[in-house]
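So that the names make sense, note that chain A is the first sequence line, chain B the second, and so on, each numbered from 1.
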Amino acid sequence: MQKTSLISNGAYNPKEVEDKIYQLWEKSGFFNPDKLPPRHKKPFTIVIPPPNVTGELHIGHALNATVQDILIRRKRMQGYKTLWLPGTDHAGIATQNVVEKKLRKEGKSRFDLGREKFIEEVWKWKEEYGNKILNQFKKMGSSCDWSRTRFTMDEGYSLAIKEAFLHYHKKGWIYRGKRVVNWCSRCATSLSDLELEYKEEKGKLYYIKYPLKDGDNNFIVVATTRPETMLGDTAVAVNLKDERYKKLIGKIVVLPLVNKEIPIIADELVDKNFGTGAVKVTPAHDLIDYQIGQKHKLESRQVISERGKMIEVPKKYMDLKVEEARKMVVEDLKIQNILEKEEDYAHQVPKCYRCNTTVELIPSLQWFLKMEELAKLAQTQVKKGKIKFHPKSFEKPYLDWLKNVKDWCISRQIWWGHKIPIEGENDVLDTWFSSALWPFATLGWPASAKATARQARKSDLKTFYHTNVLSTARDIINLWVARMIFSGMEFMKEIPFEDVYIHATVLTRDGQRMSKSLGTGVDPLKLVEEFGADATRFGIAYQIMGNQDMKFVTDNILMGKKFCNKIWNASRFVMSQIQNSKYEIKKPTPKTPADKTILKALEKTIKLTDKNLDNFEFGKSAHTLYDFFWHDFCDVYIEKSKEQKSEATNKILFYVLLNSLKLLHPFMPFVTEEIYQKLPALTLASIRRSGRGRPVKNKKKCLMIEEWPKN
RNA sequence: GGACAGUUAGUUCAGAGGCAGAACGCUCCGUUCACAUCGGAGAGGUCGCAAGUUCGAUUCUUGCACUGUCCACCA
């Protein structure tokens, strides 16, 4: 029979469709806002949160790609000049680490290669994995403008970095100084506070007797979790108001194991109620102690090196690793009978967020960016409501963080990254220094900002900045979002985006964090392979219900696959009915109660979908569309249509199908586009009209740029 | 230590001051008629715990417990 020729097979096979359709889209040029038809005037922009070029995508990327593509595709259909700008992040430490890991397998270290060779290796890695990642986005159906793909270390971007750094430098906001900083001895670099991950460890609280110099057998007992740092103590501190110790202030103790004389001082930072109320002061390896040291002009004695080993200590401890030194110090204290007691003590230990090594605090010469003014810029925009978080509850922690923010240590002692643009400087910039410029550096800043007025008028920067939505994960709100906001205000004098959508964090079924090392990660491409891209997208979107967390299950993706098939088959049925008819796009007149009901339901579905998507309620809109299509349309109306069998019924079948395809397209672009392409051209020609309302023949292009349904 | 979120069917989640819902899974029945990736029927829940408000609470309030995340210089 002829009717089967429209869509020949009863089962939808994504593998036969997806690559073909993606090529059709790419060929159409419509991913590129400049090539969209004239009706697309007002810009709508999303810049992708650039994935690290460390490896492959995880399910969180798939979630975010789905969200962004839904937003972009709907806006495109609504007639916006849409740009979804893609790119990747060089991700300094992270990428350097994966390449080092690879080298280690070959028995080499980065030092064997030397800086230049090593960086060459990282570039090779970047080429391979950067492209892989972008291809993975394509497989998900992402409608990015690939002609505008950027990388945080491409040529233009490097100019942006220099411009930004020198700008701050000129303002006097960048300074260099020796400070106690977070130090990862494995990565051999400083880290900002945001790059630490605290993990609870069961340690001990050691109570150590420090003997008074001129007090027969008198002691002052200090409590510490880090006995090995006592080798660098330069004072003991108590609270001035602490009656117990009042008499001792100003006296001298003899530091055990080292035999150095150090003073007992008073400082308000000491908590009377913790431990014994007396603390050892190690200005070189603790932040509070550093502050106390500054105030009291104490000597700072560094005893832990950049490689995490003991230095400048009595011979027997020299060169020991920190943990080994701790053991030996405790043993020696026991031998000398000056370890009063030890208590179990659980505390939060800072770890390097990239390699999980315990982070030490050590004094080091670093570059800092003053945050006082910048933090204000970032706060104001959110307080004034110029930038809105969705959900709104994320604004509070954002503002809290900015209120207490310290100067930003922007130098890193690694090799992979932007060199600090100062003569003779070997360090590179924190990778987040470059991501902070992403929304405008990707659009041509600073080059186009300096162009002639005429060029600038036409520039991407002018057209697409500020962008509209930023969709990202909540763990980088401070690390990234805050910094983009103050950078945007500082350099562009304008917000970088209006809406910040914080998507759910994807957890495993058991509520655990997804982790490659634990083997609990899910590869989105395997899902695409097994269920198809539309099913994966729909299944993910279906689960986005506004919670902070999302326990990921494939059940919904299976449902998505079945839904694709349902859409496919319903379309086959409708096409078999409308074969010899001509149909108009305008709303048909209902003749029966069933007609009336389905048109009403469609109207309601359009309204709800618009409302939900405007509010970033992706799950709700997916539910609404599913219920409408499967139940209202297929279960009820299509069944009814088999009884009604009339020309009027066919008109309604076609009308409802076409509008459903449009509504579903942002969620399931492949299957809907494929069906649209199979709709008879004759029919469609009659529904497409020119500006003057005359029919235009054979103008059918893509569902991707069809007009979004209106009520 | 602070903040935010969650706790409802075997699983993942909706829901609303008045008979407890969906999807997947499970059980039974049904293939000439778009689709077995389907259709129909069914089993399955003290709505985390406790108190309060109310004629009535799974829903509102408070407290607690547990889970997750973010923030935090208590050694």
Side-chain angles (χ1 to χ4, degrees), chain A residues 3-4 6-7 9-13 180 193-194 196-198 203 205-206 222-227 229-230 237 269-282 285-292 345 347-348 350 361 391-398 400-401 403-406 473-479 502 504-505 507-513 531-532 535 539 542-577 619-620 622-623 626-627 630-631 634-635 638-639 641-642 653:
Chain A
K3 66 180 179 186
T4 55
L6 293 170
I7 296 183
N9 199 323
Y12 174 64
N13 183 358
V180 172
D193 290 346
L194 293 173
L196 308 180
E197 272 177 10
Y198 285 88
L205 190 57
Y206 300 92
V222 299
T224 181
T225 55
R226 300 287 311 269
T229 60
M230 71 181 285
L269 286 175
V270 179
D271 181 354
K272 291 195 292 189
N273 301 319
F274 187 88
T276 62
V279 309
K280 56 194 273 317
V281 182
T282 325
H285 299 292
D286 185 282
L287 280 173
I288 300 183
D289 294 9
Y290 175 77
Q291 283 177 37
I292 296 177
Y345 189 75
H347 59 147
Q348 302 288 325
L361 290 158
K392 195 171 165 53
S393 56
F394 286 110
E395 288 178 8
K396 193 177 177 316
Y398 167 89
D400 285 350
W401 181 75
K403 210 162 46 184
N404 304 316
V405 69
K406 291 187 289 183
R474 70 171 175 277
D475 53 342
I476 51 177
I477 289 176
N478 299 326
L479 211 48
I502 304 296
T505 301
L507 304 173
T508 65
R509 191 176 203 126
D510 314 318
Q512 297 303 302
R513 197 178 181 158
F531 302 100
Y542 196 86
Q543 293 179 74
I544 304 177
M545 293 304 295
N547 286 341
Q548 287 190 8
D549 300 328
M550 179 179 121
K551 288 183 198 160
F552 178 77
V553 287
T554 51
D555 304 18
N556 289 314
I557 297 188
L558 178 63
M559 179 203 66
K561 187 181 171 181
K562 292 181 177 180
F563 191 35
C564 287
N565 202 53
K566 192 74 180 176
I567 297 168
W568 182 258
N569 281 300
S571 305
R572 281 206 313 147
F573 175 76
V574 172
M575 279 187 238
S576 72
Q577 300 304 301
K620 274 188 191 166
H623 280 79
Y626 182 91
D627 290 343
W630 200 299
H631 300 121
C634 294
D635 288 352
I638 287 188
E639 290 312 315
S641 79
K642 292 172 186 171
L653 280 175

[N] versus [M] - spacing of their [atom1] atoms, nearest Å:
{"N": "B:rC55", "M": "B:rG2", "atom1": "C1'", "value": "41 Å"}
{"N": "B:rG45", "M": "B:rU11", "atom1": "C1'", "value": "14 Å"}
{"N": "B:rU69", "M": "B:rU53", "atom1": "C1'", "value": "33 Å"}
{"N": "B:rG6", "M": "B:rG48", "atom1": "C1'", "value": "11 Å"}

Considering non-hydrogen atoms only, spot the tightest contact between A:Asp289 and A:Thr282 and give its length.
OD2-N, 2.7 Å
With sequence neighbours excluded, tell me which residues meet ring-ring contact (aromatic ring centres under 6.0 Å, His included) with A:His347.
A:Tyr345
Tell me every residue that passes ring-ring contact (aromatic ring centres under 6.0 Å, His included) with A:Phe394, counting only those two or more places apart in sequence or in another chain.
none
Does B:rA34 have OP1 or OP2 sitting under 4.0 Å from an N or O in the side chain of A:Lys642?
yes
Can you pull every protein N or O that's under 3.5 Å from an N or O on nucleotides 25-30 of chain B?
none

Sequence neighbours left out, what passes salt bridge (charged side-chain N to carboxylate O under 4.0 Å, His left out) with A:Lys561? Give chain and number order.
none
Mind checking what makes side-chain hydrogen bond (donor to acceptor under 3.5 Å, both in side chains) contact with [X], not counting sequence neighbours?
{"X": "A:Tyr542", "result": "A:His623"}
{"X": "A:Glu197", "result": "none"}
{"X": "A:Ser641", "result": "none"}

Which residues pass the side chain to side chain contact (heavy atoms under 4.5 Å, CB included) test with A:Ile476, sequence neighbours left out?
A:Trp432, A:Thr472, A:Leu479, A:Trp480
Distance, rounded to the nearest Å, where [X] contributes [atom1] and [N] contributes [atom2]:
{"X": "A:Phe394", "N": "B:rC4", "atom1": "CZ", "atom2": "P", "value": "12 Å"}
{"X": "A:Leu653", "N": "B:rA34", "atom1": "CG", "atom2": "P", "value": "12 Å"}
{"X": "A:Met559", "N": "B:rU11", "atom1": "CE", "atom2": "P", "value": "19 Å"}
{"X": "A:Arg509", "N": "B:rU67", "atom1": "CZ", "atom2": "C1'", "value": "17 Å"}
{"X": "A:Ile502", "N": "B:rA5", "atom1": "CD1", "atom2": "C1'", "value": "14 Å"}
{"X": "A:Phe563", "N": "B:rC38", "atom1": "CZ", "atom2": "C1'", "value": "15 Å"}
{"X": "A:Gln543", "N": "B:rU11", "atom1": "CD", "atom2": "P", "value": "16 Å"}
{"X": "A:Met545", "N": "B:rC13", "atom1": "CE", "atom2": "P", "value": "11 Å"}

Summarise protein proximity over nucleotides 70-75 of chain B in one line of letters, 5' to 3': B for base, S for sugar-phosphate only, - for none, counting protein heavy atoms closer than 4.0 Å.
-SBBBB
Assuming nearest nucleotide by heavy-atom distance, tell me which of A:Lys620 and A:Asp635 is located more 5' along RNA chain B.
A:Lys620
Tell me which pairs pass salt bridge (Lys or Arg N to Asp or Glu O under 4.0 Å) where either residue lies in residues 544-557 of chain A, with sequence neighbours left out.
A:Arg474-A:Asp549, A:Arg509-A:Asp555
Would you tabulate the side-chain donor-acceptor contacts of residues 270-278 of chain A under 3.5 Å, counting partners in other chains and residues two or more places apart, or write 'none'?
from: A:Asp271; atom 1: OD1; to: A:Asn273; atom 2: N; distance (Å): 2.8
from: A:Thr276; atom 1: OG1; to: A:Val221; atom 2: O; distance (Å): 2.5
from: A:Thr276; atom 1: OG1; to: A:Ala278; atom 2: N; distance (Å): 3.2
from: A:Thr276; atom 1: OG1; to: A:Ala278; atom 2: O; distance (Å): 3.4

Here RNA chain B, pairs taken as Watson-Crick or G-U under 3.5 Å and shown with ( ), [ ] when crossing and | when to another strand, reads (((((((..((((....[..)))).(((((.......))))).....(((((..]....))))))))))))....
Does a side-chain heavy-atom distance below 4.5 Å link A:Thr225 with A:Leu205?
yes
